[in-house]
Amino acid sequence: MAKIVRKQVLNPTVTLLEVDAPLIAKKARAGQFIIFRLDEYGERVPLTIADYDREKGTVTIIFQKVGLSTQLLSDLNEGDSILDFVGPLGVPTEIPEGAKRVCVIGGGVGCAIAYPQAKALHAAGITVDVIAGFRSRDIVILEDEFRAVSDNFYLMTDDGTYGEKGLVTQKLQEQIDGGVAYDAVIAIGPIPMMKFVCKTTRPYGVKTIVSLNPLMIDGTGMCGCCRVTVGGKVRFACVDGPDFDGHQVDFDELMNRNAVYREREAEEKEHHACRLDQLGKSMIH
């Protein structure tokens with residue numbers, strides 16, 4: 001079992017956990033992920049590795065409370081353990097050969113995945129521009145961490161309550177129009193955001209890498225649940241990705257597949273909340 005050694009609530013819906021997992025920390029690289037299972041009845045959930053410390057033997061995950069499993073994971077505290085914590089899985093992000101300047105774009109909780117990418121590029125001596133986008137100031141995460149690993153940091157909010165008002169694609173277009181020549185763009189966040197980043201870079205022929213988050217179960221390529229269409233061919237995000245050439249990804253198909261169980265997930269989360277409420281009332285009486 002993997003013990004939680006540090007917990008930090010980054011905002012009301014996003015939690016950071018540092019987990020004791022020395023074997024994973026020893027091999028982990030930017031772009032890879034883990035799969036956790038809380039108990040023997042729990043589902044298998046993939047989460048990208050946000051950071052790792054080889055000396056301490058820890059792996060950091062940052063996640064949003066979306067479904068029941070992530071809600072239960074966020075309820076754990078320092079000293080608690082996770083039954084299954086498997087990784088590193090997936091193919092590490094490949095730094096474009098000869099790249100001198102790269103733009104890393106993160107949207108919302110996707111910034112947790114974009115951070116290790118920016119960190120790895122910065123460590124390799126590449127000039128890194130980071131564009132981080134959020135709906136508003138109250139959900140901004142990892143600002144100080146990004147500033148430490150980027151040469152230029154741009155923070156965008158939809159409502160203008162912090163940083164600059166606007167979308168990440170607007171800032172990217174502004175940079176390109178201003179004459180900035182990127183050797184590559186790495187975009188990680190909501191699927192629509194990644195789709196429109198790719199639409200922005202396509203006319204300029206800028207290599208654009210996206211990290212995909214399809215439904216996933218086993219993480220070894222056997223179940224086929226995480227299949228995505230890239231360049232007209234079926235690929236499996238768990239073993240072929242999660243990074244892919246964004247200009248080749250069928251984003252509309254990905255969005256449709258990810259929405260298949262949305263109603264069922266909401267029902268299960270509500271059912272669990274109702275059971276807890278009933279248990280609380282019975283204990284009072």
Under the side-chain hydrogen bond (donor to acceptor under 3.5 Å, both in side chains) test, residues paired with Asp245 that sit two or more places apart: none
Of all pairs that satisfy salt bridge (Lys or Arg N to Asp or Glu O under 4.0 Å), the ones with a partner from residues 201-229, not counting sequence neighbours: none
Contact check, side chains of Gln117 and Ile188, non-hydrogen atoms, under 4.5 Å: yes
Salt bridge (Lys or Arg N to Asp or Glu O under 4.0 Å) between Glu143 and Arg147, intermediate numbers included: CA-CA 6 Å; Glu143 179 182 356; Arg147 290 189 184 280; 3.0 Å; yes
Full working for side-chain contact (heavy atoms from CB on, under 4.5 Å) between Cys103 and Val185: CA-CA 5 Å; Cys103 183; Val185 170; 4.1 Å; yes
Pairwise side-chain contact, Pro88 with Ile49, heavy-atom cut-off 4.5 Å (strictly under): yes
Set of side-chain contact (heavy atoms from CB on, under 4.5 Å) partners for Leu121, sequence neighbours left out: Ile95, Val102, Val104, Ile126, Val128, Ile186
Qualifying side chain to side chain donor-acceptor pair (under 3.5 Å) pairs with a residue from residues 189-200, counting only residues at least two apart or across chains: Lys195-Asp252
Cluster overlap Val239 with Val230, hydrophobic side-chain contacts below 4.5 Å: no
Closest approach of Arg137 to Thr161 (non-hydrogen atoms, all atoms of both residues): N-OG1, 2.9 Å
Close side-chain approach of Ile34 and Leu89, heavy atoms under 4.5 Å: no
Of all pairs that satisfy salt bridge (Lys or Arg N to Asp or Glu O under 4.0 Å), the ones with a partner from residues 174-191, not counting sequence neighbours: Lys171-Glu174
Side chain Ser136, main chain Asp159, donor-acceptor under 3.5 Å: no
Phe134 side chain reached by Ile141 side chain, heavy atoms, under 4.5 Å: yes
Side chain to side chain, Phe251 and Val210, heavy atoms closer than 4.5 Å: yes
Asn11 vs Val9, side-chain contact (heavy atoms from CB on, under 4.5 Å): CA-CA, chis, key distance, verdict: CA-CA 6 Å; Asn11 68 39; Val9 177; over 6 Å; no
Pairs where residues 33-83 contributes a residue and the test ring pair (Phe, Tyr, Trp, His ring centres under 6.0 Å) is met, not counting sequence neighbours: none
For Thr201, all residues meeting side-chain hydrogen bond (donor to acceptor under 3.5 Å, both in side chains), sequence neighbours excluded: Thr208, His247
Over 12 foreign heavy atoms within 6.0 Å of CZ, Arg54: yes
Flag for Ser150-Asn152: side-chain donor and acceptor within less than 3.5 Å: no
Which residues share a ring pair (Phe, Tyr, Trp, His ring centres under 6.0 Å) with Tyr115, sequence neighbours left out: Phe146
Close side-chain approach of Lys3 and Ser81, heavy atoms under 4.5 Å: yes
Side-chain heavy atoms of Met255 within contact of Pro192, under 4.5 Å: yes
Side-chain heavy-atom pair Gln173, Gln170 within 4.5 angstrom cut-off: no
Contact list for residues 82-108, test salt bridge (Lys or Arg N to Asp or Glu O under 4.0 Å), sequence neighbours left out: Arg37-Asp84, Arg101-Asp129
CA sep, side-chain torsions, deciding dist, call: Val249, Val228, side-chain contact (heavy atoms from CB on, under 4.5 Å): CA-CA 8 Å; Val249 173; Val228 293; 5.8 Å; no
Whichever hydrophobic residues join Leu23 through chains of side-chain contacts under 4.5 Å: none
Residue list, side-chain hydrogen bond (donor to acceptor under 3.5 Å, both in side chains) with Glu18, at least two apart or on another chain: Arg6, Lys56, Thr58
Asp138 vs Val140, side-chain contact (heavy atoms from CB on, under 4.5 Å): CA-CA, chis, key distance, verdict: CA-CA 6 Å; Asp138 60 334; Val140 172; over 6 Å; no
Other cluster members, Val5 - Ile/Leu/Val/Met/Phe/Trp/Tyr, side-chain contacts below 4.5 Å: none
